[in-house]
Amino acid sequence: MKLDYTDEQNAFRMDVRDWMQANVPAAPLVSFDHSREGFEAHRDWERTLNEGRWGMVTWPEAYGGRGLDLVTWLIFEEEYYRAEAPLRVNQNGIFLLGPTLMEYGSDEQKARFLPAMASGEEIWAQAWSEPQAGSDLAAVRATARRDGDDYVLSGHKIWSSRAVFADMAFGLFRTDPDSERHKGLSLIFFPLDAPGVKVQPIAQIDGETGFAEIFLEDVRVPAFNRLGDEGQGWSICMATAGFERGLMLRSPARFQVAAKKLVELYQANEARLPAATRDAVLQAWMEAEAYALSIYRTASRLVAGGQIGSEASINKIFWSEMDIAMHRTALAILGARAELTRDAPEAAGVGRWLDGFFFSLAGPIYAGSNEIQRNIIAERMLGLPRR
Amino acid sequence: MDFRFTEEQDMMADVVRGLLADHCQPADLRRLMASNEARDSARWAHIVELGLGGILVPEDKGGLGLAPVDFVQLAEAAGYAALPEPLVENAGVALPLLAALVPADHPVLTRALAGEITVALAHPANPMVADADSAGAILTVAGDTVHLTTPEAAGLVHQPSSDPFRRLHTLANVAGETLATGAQPALDAAFDRGALFAAAQMVGIAQRCVDLAVDYAKERQQFGKPIGSYQAIKHHLATCQVKIEFARPVLYAAAADLPNGDLHSRARISQAKLAATEAADLATRTAIQVHGAMGYSWEVDVHFFLKRAVALASWWGDAALHRDRVAARVMTQPLGPEFTFARES
Ligand SMILES: Cc1cc2nc3c(=O)[nH]c(=O)nc-3n(C[C@H](O)[C@H](O)[C@H](O)COP(=O)(O)OP(=O)(O)OC[C@H]3O[C@@H](n4cnc5c(N)ncnc54)[C@H](O)[C@@H]3O)c2cc1C
């Protein structure tokens with residue numbers, strides 16, 4: 001066990017820091033879920049990142065990356081959040097679909113989709129959930145009918161993040177009409193502006209249109225847009241989901257920066273706060289640190305050739321519950337000002353804690369609800385009987 | 001940066017786990033309890049044979065010269081087995097302290113390293129002394145001076161613990177041969193090891209309780225099905241496992257960083273102690289709930305682990321003390337993701 005960075009890793013950190021200092025926009029961008037303008041500002045940022053070859057440092061150089069390992073990626077993320085750089089509008093692409101494409105895609109598919117993903121030219125949405133297929137994702141009904149060299153897509157997808165303004169979506173479709181449950185599903189890409197696609201924004205708790213319904217009516221896409229084999233959709237999705245909830249979706253730095261801000265908020269208000277508040281703040285810091293240490297441990301294992309397993313479910317429960325606790329502590333410190341929007345004259349120093357709190361409440365739901373994760377831990381890790 | 005144990009470290013842990021699986025099952029604990037002996041001498045002989053006494057003692061003092069990170073998984077295994085004998089307090093805490101204070105040829109040190117005696121430590125952090133009656137020597141502390149005495153001279157007052165395997169005493173007479181003055185740094189380091197290895201034992205206890213409860217939940221049937229098929233039971237146990245999995249990396253990082261001896265490493269040790277205490281608290285209580293009334297009975301083994309967890313929760317510093325140590329780092333040192341592995345500058 002060696003818990004020190006190499007000289008090379010330290011130098012890499014400084015390179016990232018310098019570049020972020022020079023390039024991160026001075027004022028925060030308008031949210032990408034707020035308006036086309038905010039979305040495009042984030043696309044521009046993806047372009048800038050890509051030009052500096054900082055889009056996805058773990059990707060091969062051929063696709064705009066640097067071919068670096070996961071530990072180095074963690075260092076990149078630390079500097080990224082430290083610099084308070086914009087959120088990644090293409091996270092569904094670069095963090096979820098990208099790694100999956102690299103594993104399951106043909107060379108032609110990689111060449112077609114990865115560079116455009118890396119540069120922000122194509123921003124991706126994930127179209128898996130349906131009104132009747134939430135936690136029970138294997139209940140998807142949307143169909144893909146083979147017609148010559150094409151697929152014809154029909155169905156109703158929902159809760160698709162970024163889909164309001166995004167360019168492409170990767171969806172789960174039933175390619176075998178007689179199939180049931182996990183069998184007969186395929187992962188197929190479609191442009192969100194293709195004829196027959198209707199995108200209906202859905203307002204979230206905070207009023208932003210962060211997700212959307214997608215109605216597909218005889219949408220024609222080339223069979224080239226299918227990732228992996230016909231019928232392999234379920235296993236590919238599960239591989240994607242493992243990576244999503246386990247590692248890439250929520251890098252520890254995000255929470256460590258939030259914990260730092262929470263400590264600062266506490267220190268600014270310390271005189272009027274009870275001792276119990278200090279303990280809650282310390283708890284938040286400790287949990288963010290524990291998460292970071294755990295991810296470093298996982299990354300070390302993966303770098304040495306290991307695979308991600310049930311720890312994906314463990315991690316997902318931990319970060320989502322930590323996020324809520326941290327925000328609840330912040331609201332308690334803010335007291336009666338917690339409810340104010342940023343437009344209120346009294347809101348100075350209130351920050352974005354309430355927005356963060358609202359969003360934290362989605363954490364135990366998306367990427368597989370925490371109840372489902374607990375089932376997975378109990379059945380696959382502890383070996384308790386399914387029924 | 002490599003957050004993995006070496007093969008040697010894992011191998012050594014496997015050996016100790018195997019030994020304890022063979023010789024320290026709950027049935028063995030019950031036999032020892034009935035015998036009224038302080039130790040299972042056969043089991044202790046096996047442990048001594050492994051030559052672990054000097055694991056953390058420097059080579060020039062006759063030890064193996066290994067580090068806390070080499071011992072942490074062994075302490076975890078001791079917790080998993082609720083080991084009655086003082087492997088952790090002797091090899092993990094007292095002997096490295098003694099070795100830091102005396103020359104290599106000090107007779108107490110040489111006998112302890114040979115496995116002839118154990119050494120008990122009356123550290124000011126703990127109100128009682130563990131395993132003082134079976135020790136060959138006791139280290140006592142007055143200010144920053146460390147004295148050496150014997151169980152006979154110390155006037156042991158037995159303080160029965162609810163944990164039948166913790167043999168606690170207070171000392172009527174702490175005077176003895178003066179070993180060293182100005183020993184505060186060595187005593188502080190002993191405290192850090194004590195807290196770290198108590199945390200390790202509690203992680204082991206927590207995992208054992210989950211494992212016991214899982215075994216029972218697979219067997220016990222109600223309403224025509226194993227109770228482990230009910231989601232309420234599954235979710236209780238999954239929640240325990242989450243706590244354990246997030247205590248472990250903190251524990252291992254704390255072990256690796258302990259030798260730094262700074263604000264950061266001390267906070268990490270305290271964090272490990274707090275996280276392990278929480279995991280053990282939840283897992284012991286959950287295991288009892290999952291066992292139903294059996295869990296409340298003397299017959300089921302969970303109570304051995306419950307009692308050890310209650311004891312260790314405040315041994316080598318209670319939660320308030322450890323939170324203050326975390327606060328000392330959080331409120332005075334720089335924060336943020338780039339400082340996860342930082343040292344005090
Ligand atoms: C902010 C946000 C972003 C999202 N983004 C996307 C996206 O980009 N693409 C996409 O495809 N989907 C997305 N989703 C959808 C998400 O994946 C689903 O919400 C999730 O899978 C749960 O499905 P559901 O909402 O239908 O809830 P349901 O499945 O109806 O669950 C409702 C409640 O019942 C519980 N429950 C269900 N089944 C069980 C069970 N077997 N045991 C115990 N409890 C159970 C759940 O845990 C939950 O608490 C997003 C959701 C949110 C909130």
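Here the structure is a predicted model, which is why all the values come from computation and not from measurement. A note on names: the letters A, B, ... follow the listed sequences, proteins ahead of strands, and every chain is numbered from 1.
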(message) Between A:K260, A:R387, A:E79, who has the most heavy-atom pairs with chain B when the cutoff is under 4.5 Å?
(response) A:K260

(message) Using heavy-atom distances under 4.5 Å, tell me whether B:Y230 contacts chain A through its side chain, its backbone, both, or neither.
(response) neither

(request) Measure A:A253 against the heavy atoms of chain B and call it side chain, backbone, both or neither at under 4.5 Å. (result) both

(message) Looking only at the aromatic ring of each residue, does the gap between the centers of B:H291 and B:F305 stay below 6.0 angstrom?
(response) no

(message) Less than 4.0 angstrom from a charged side-chain N to a carboxylate O is my criterion; do B:D262 and B:R266 meet it?
(response) no

(message) I'd like to know if B:D14 pairs up with B:R17 as an ion pair, taking the criterion as any Lys NZ or Arg NE/NH1/NH2 lying under 4.0 Å from an Asp or Glu carboxylate oxygen.
(response) yes

(message) Counting C-beta onward and ignoring hydrogens, is there a side-chain heavy-atom pair between A:V24 and A:W19 closer than 4.5 Å?
(response) no

(request) For the residue pair B:K243 and B:E278, establish whether any side-chain heavy-atom pair is separated by less than 4.5 Å. (result) yes

(request) Compare every heavy atom of B:A238 with every heavy atom of A:L382, then report the nearest pair and how far apart it is. (result) CD1-N, 4.2 Å

(message) Quick check on B:V69 against chain A: is it the side chain, the backbone, both or neither that has a heavy atom closer than 4.5 Å?
(response) side chain

(message) Counting heavy-atom pairs closer than 4.5 Å to chain B, which one of A:R278, A:Q9, A:R17, A:R13 comes out on top?
(response) A:R278

(message) Are A:M20 and A:R82 packed together at the side-chain level, in the sense that at least one heavy-atom pair is separated by less than 4.5 angstrom?
(response) no

(message) Are the side chains of A:F12 and A:F76 in contact, using a 4.5 Å heavy-atom criterion?
(response) yes

(message) Does any backbone or side-chain atom of B:D324 lie under 4.5 Å from a heavy atom of chain A? Answer side chain, backbone, both or neither.
(response) both

(message) For A:E321, which atoms come within 4.5 Å of any heavy atom of chain B: side chain, backbone, both, or neither?
(response) neither

(message) Counting heavy-atom pairs under 4.5 Å with chain A, which one of B:L237, B:V214, B:V210 comes out on top?
(response) B:V214

(request) Give, as side chain, backbone, both or neither, the part of A:E264 having an atom under 4.5 angstrom from any heavy atom of chain B. (result) neither

(request) Tell me, please, whether A:F95 has A:R250 positioned over its six-membered ring: NZ or CZ under 6.0 Å from the ring centre and within 45 degrees of its axis? (result) no

(message) Can you tell me which of B:M331, B:E245, B:Q9, B:K225 forms the most heavy-atom pairs within a distance under 4.5 Å of chain A?
(response) B:M331

(message) Is A:V71 in contact with chain B via its backbone, its side chain, both, or neither, using a 4.5 Å heavy-atom distance?
(response) side chain

(message) If I measure from the heavy atoms of chain B, does A:Q283 come under 4.5 Å with its side chain, its backbone, both, or neither?
(response) side chain

(message) What part of A:L3 gets within 4.5 angstrom of chain B, counting heavy atoms only: side chain, backbone, both, or neither?
(response) both

(request) Considering only heavy atoms and a distance below 4.5 Å, find which of A:V303, A:L282, A:L74, A:I377 pairs most often with chain B. (result) A:L282

(message) Under a 4.5 Å cutoff for heavy-atom pairs, which residue among B:R343, B:Q271, B:R248 has the most contacts with chain A?
(response) B:Q271

(request) Examine whether an atom of A:F255 lies under 4.5 Å from a heavy atom of chain B, and if so say whether it belongs to the side chain, the backbone or both; otherwise answer neither. (result) neither

(request) Examine whether an atom of A:R254 lies under 4.5 Å from a heavy atom of chain B, and if so say whether it belongs to the side chain, the backbone or both; otherwise answer neither. (result) neither

(message) Only pairs of heavy atoms separated by less than 4.5 Å count here; which of A:T6, A:D279, A:I75 has the most with chain B?
(response) A:D279

(request) For residues B:Y252 and B:F3, establish whether the separation of their ring centroids is below 6.0 Å. (result) no

(message) With no hydrogens and no angle check, just 3.5 Å: does a side-chain donor-acceptor pair link A:R374 and B:T239?
(response) yes

(request) Measure distances from A:Y81 to the heavy atoms of chain B and classify the residue's part below 4.5 Å as side chain, backbone, both or neither. (result) neither

(message) Please identify, among A:M1, A:K261, A:R301, the residue contributing the most non-hydrogen atom pairs under 4.5 Å to chain B.
(response) A:M1

(message) Can you tell me which portion of B:Q231 sits under 4.5 Å from chain A's heavy atoms? Options are side chain, backbone, both or neither.
(response) side chain

(message) Are the side chains of B:E76 and B:L251 in contact, using a 4.5 Å heavy-atom criterion?
(response) yes

(message) Heavy-atom cut-off 4.5 Å, strictly under: side chain, backbone, both or neither for A:R297 against chain B?
(response) both

(message) For B:F341 and A:Y296, I'd like to know if the aromatic rings sit close, meaning centre-to-centre distance below 6.0 Å.
(response) yes

